[in-house]
Amino acid sequence: MQRVYIGLGSNLADPAQQLREAIKSLAQLPQTSLSDVSSFYVSDSLLPGQPRYTNAVAAIDTSLQPLALLDALQAVEIDQGRERHERWGPRTLDLDILLFGDCVIDEPRLKVPHYHMQARAFVLYPLAELAPGLVLADGRTLDQLLKGCPFEGLERLPG
Ligand code: ROI
């Protein structure tokens, strides 16, 4: 079993509802149990001209292999109406494997730790709710990453 952190994001078609649906799907993945879900956070898109995003992080425990988990997550994205038009375009659902235990994965389809997580407040602050003392495989602590990434611009939704 590996503890895996998954970043969830949506900026189309009732984003908070998209995240709630996705969390139900995570709980139903084979060989997997859903352990924890962060608060939801709203923020502007990093790219101008897109609707605001709702983001969260989920913790699962799984015995799926990384690429099998990636396949399963992409099936959930497609099931929730994600169409892959432009690489950074608006999306109904984005599911990213942020961390997979202490594994460092460098495959064409999957890089873990997730390449952009260190600079993204909408990933780091929800992750910190679930794993405050986290240390990455390369020794960097979540606290260090948070210090370099101001909370500014994030809105934590109640409930
Ligand atoms: N911006 C925010 N706030 N949240 C996201 O999940 C997100 N995802 C993206 C881009 C377009 C980079 N901007 C984002 O892919």
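Counting starts at 1 for both ligands and their atoms, following the listed order.
- Residue Ser43 has at least one nitrogen or oxygen atom sitting less than 3.5 Å from a nitrogen or oxygen atom of ligand 1, judged on distance alone.
- Against a heavy-atom cut-off of under 4.0 Å, Arg91 is close to the following atoms of ligand 1: 15 (O).
- Distances below 4.0 Å separate heavy atoms of Ser45 from the following atoms of ligand 1: 1 (N), 11 (C), 13 (N).
- Nearest heavy atom pair, residue Gly139 against residue Gln144, reads O-OE1, 4.4 Å.
- Minimum interatomic distance between Asp71 and Arg109 (heavy atoms only, all atoms of both residues): OD1-NH2, 2.7 Å.
- The shortest separation from a heavy atom of Arg120 to ligand 1 is under 4.0 Å, placing the residue in contact.
- Inspection of the Tyr115 and Gln118 side chains reveals no N or O donor paired with an N or O acceptor under 3.5 Å.
- The only option from Asp36, Leu98, Asp96 that meets the side-chain contact (heavy atoms from CB on, under 4.5 Å) definition with Val57 turns out to be Leu98.
- Atoms of ligand 1 lying under 4.0 Å from any heavy atom of Asp44, numbered from 1 in the order shown and given with element: 1 (N), 2 (C), 3 (N).
- The proximity of Asn55 to ligand 1, defined as any non-hydrogen pair under 4.0 Å, is limited to the side chain.
- Close N/O approach between Gly9 and ligand 1 is not found [any backbone or side-chain N/O within under 3.5 Å].
- Contact analysis leaves Arg52 out of contact with ligand 1, as no non-hydrogen atom separation drops below 4.0 angstrom.
- Considering Val4, Ile97, Leu110 as possible partners of Pro66, the one that fulfils the side-chain contact (heavy atoms from CB on, under 4.5 Å) test is Leu110.
- Using modelled atom types, one finds a donor on one side chain and an acceptor on the other under 3.5 Å when comparing Ser63 with Gln31.
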